[in-house]
Amino acid sequence: MIWQGRSSENGTIMKGRPPIRPEPETGRLERSFFTRDVLEVAPDLLCKVLVIRQEDNVIRRFSISETEAYRGSGDRACHAARGRTPRTEVMYHEGGKLYVYFVYGMYWMLNVVTGIENEPQAVLIRGLENCQGPGRVTRLLGIDRSFYGEDLVSSHRIWIEESGIKPLFRTGPRIGVDYAGDFWKNKPWRFYLIQTVR
DNA sequence: GTTAAGATTCCG
DNA sequence: GGAATCTTAACG
């Protein structure tokens with residue numbers, strides 16, 4: 001017998017698939033986690049769990065292992081340094097949304113917007129457990145333009161959860177931002193996991 | 001309308 | 001070390 005019913009999410013008729021049940025999202029990070037300064041959020045995202053619901057409704061979870069902070073219009077390495085444009089618009093919004101952009105003609109970059117409104121900041125997700133490199137991360141997750149502006153606090157297809165695990169991490173200069181000049185290039189705003197504790 | 005460069009990755 | 005590949009933003 002083929003199941004047929006009305007999706008609780010969008011009201012459309014669905015055939016041949018079980019209903020989408022709300023996840024027990026007890027650990028989903030809320031707004032206040034993301035509205036803090038990017039230099040607090042970037043290291044705090046280590047060991048948090050990035051959760052994505054695939055188009056086939058399968059839910060996958062990945063622990064975040066490497067991040068980079070981009071901090072405001074004064075930061076020459078931050079895209080917001082060249083002002084508010086259609087591409088950077090979402091970075092000026094309240095923290096918790098996704099800033100996704102295309103680079104080198106091949107790769108999508110996944111960023112989490114942080115800070116308060118009109119303070120453009122974002123965290124680049126550079127690595128997950130068993131997946132090093134921001135371009136590889138988006139390819140693994142299936143992230144594309146459609147995720148631009150998605151809200152991690154309310155989205156049904158992507159969010160971040162608490163893990164209870166504390167990261168031990170190191171910092172270093174951000175990768176691929178030589179164009180920003182020595183002062184900004186050398187800021188130790190890359191955070192990468194060394195090992196986990198409990 | 002044209003053009004230069006890029007928060008990368010993969011191959012030789 | 002260099003190619004692949006195309007969007008974005010700056011400039012005319």
Side-chain angles (χ1 to χ4, degrees), chain A residues 29 33-48 50 52 60 62-152 158 160 167 169-194:
Chain A
L29 300 181
F33 178 91
F34 302 104
T35 52
R36 296 174 298 150
D37 189 90
V38 70
L39 293 181
E40 292 184 43
V41 179
D44 277 1
L45 278 172
L46 296 174
C47 289
K48 293 295 185 292
L50 182 56
I52 189 155
R60 303 175 75 185
F62 303 91
S63 181
I64 297 171
S65 64
E66 184 178 342
T67 63
E68 268 176 6
Y70 289 85
R71 191 167 185 260
S73 54
D75 176 4
R76 296 273 305 278
C78 181
H79 289 166
R82 274 168 286 187
R84 194 164 181 158
T85 66
R87 182 174 67 160
T88 62
E89 173 63 27
V90 76
M91 267 204 283
Y92 288 78
H93 294 200
E94 188 176 45
K97 297 182 180 179
L98 295 183
Y99 169 42
V100 176
Y101 68 92
F102 195 61
V103 75
Y104 296 122
M106 265 179 260
Y107 302 104
W108 295 98
M109 297 289 108
L110 173 62
N111 298 258
V112 175
V113 174
T114 69
I116 60 177
E117 191 176 4
N118 293 320
E119 191 174 284
Q121 307 181 334
V123 177
L124 172 65
I125 306 299
R126 289 196 64 91
L128 305 174
E129 46 181 340
N130 306 320
C131 184
Q132 300 289 314
R136 291 171 173 173
V137 165
T138 53
R139 195 174 54 188
L140 173 70
L141 299 176
I143 298 292
D144 60 20
R145 151 152 264 120
S146 73
F147 282 83
Y148 181 94
E150 191 90 359
D151 190 356
L152 292 170
I158 187 168
I160 299 179
F169 64 91
R170 289 196 221 278
T171 65
R174 294 172 291 183
I175 306 294
V177 295
D178 290 357
Y179 60 83
D182 287 347
F183 182 79
W184 295 102
K185 180 181 82 177
N186 294 328
K187 291 282 185 190
W189 289 353
R190 171 171 166 251
F191 306 87
Y192 56 101
L193 192 66
I194 297 180

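The basis for the numbers below is simple: all heavy atoms, side chains too, and nothing from hydrogens, waters or symmetry mates. A note on names: the letters A, B, ... follow the listed sequences, proteins ahead of strands, and every chain is numbered from 1.
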Walking DNA chain C from its 5' end, the first of A/Tyr104 and A/Arg145 to be reached, judged by nearest nucleotide, is A/Tyr104
Under 4.0 Å, counting only non-hydrogen atoms across every strand here, what does A/Gly105 touch: a base, just sugar-phosphate, or nothing? base
Give one of base, sugar-phosphate or nothing for A/Arg139, where a contact means two heavy atoms less than 4.0 Å apart. sugar-phosphate
Using whole Å, what does the distance between atom C1' of nucleotide B/dT9 and atom CZ of A/Arg126 come to? 11 Å
Between A/Leu50 and A/Leu45, is the side chain to side chain contact (heavy atoms under 4.5 Å, CB included) condition met? List the steps. CA-CA 9 Å; A/Leu50 182 56; A/Leu45 278 172; over 6 Å; no
CZ of A/Arg84: more than 12 outside heavy atoms within 6.0 angstrom? yes
Could you state the atom-to-atom distance from CZ of A/Arg136 to C1' of B/dT8 in whole Å? 10 Å
Any side-chain heavy-atom pair from A/Thr67 and A/Val112 closer than 4.5 angstrom? no
Row check, A/Tyr192 ring normal vs A/Arg126 NZ/CZ: under 6.0 Å, within 45°: no
Whole-Å distance separating the CZ atom of A/Phe102 from the P atom of B/dT9: 13 Å
Between the CZ atom in A/Arg136 and the OH atom in A/Tyr107, the distance rounded to the nearest 0.5 Å is 8.5 Å
Counting any heavy atom closer than 4.0 Å, what does A/Met109 reach on the DNA or RNA strands: base, sugar-phosphate only, or nothing? sugar-phosphate
Specify the separation, in whole Å, of atom NE2 of A/His79 and atom P of B/dA5. 15 Å
I'd like to check A/Tyr70 versus A/Asp75 (side-chain heavy atoms, cut-off strictly below 4.5 Å). Are they in contact? yes
If each of A/Arg87 and A/Met106 is mapped to the nucleotide of DNA chain C with the nearest heavy atom, which maps nearer the 5' terminus, i.e. the 5' end? A/Met106
Under 5.5 Å centre to centre and under 30° between planes: does that hold for A/Tyr179 and the six-membered base ring of B/dG6? no
Go through DNA chain C in 5' to 3' direction and return only the first and the last nucleotide with some atom under 4.0 Å of chain A's heavy atoms. C/dA4 to C/dA10
Is a donor from one side chain sitting under 3.5 angstrom from an acceptor on the other, for A/Thr114 and A/Gln121? yes
What integer number of Å spans the C1' atoms of B/dA5 and C/dG2? 16 Å
Mind calculating the distance between CG (A/Leu124) and C1' (B/dG6) to the nearest angstrom? 13 Å
Between P of B/dA7 and CG of A/Asp178, the distance in whole Å: 11 Å
In whole Å, what is the span from the CZ atom of A/Arg76 to the P atom of B/dA7? 13 Å
More than 12 heavy atoms from other groups under 6.0 Å of CZ on A/Arg76: no
So that I can compare with my own list, what are the stems of DNA chain B, taken as at least three consecutive Watson-Crick or G-U pairs with distances under 3.5 Å? B:1-6 with C:6-11, B:8-11 with C:1-4
Roughly how far, to the nearest 0.5 Å, is CG of A/Leu98 from CD1 of A/Ile125? 9.0 Å
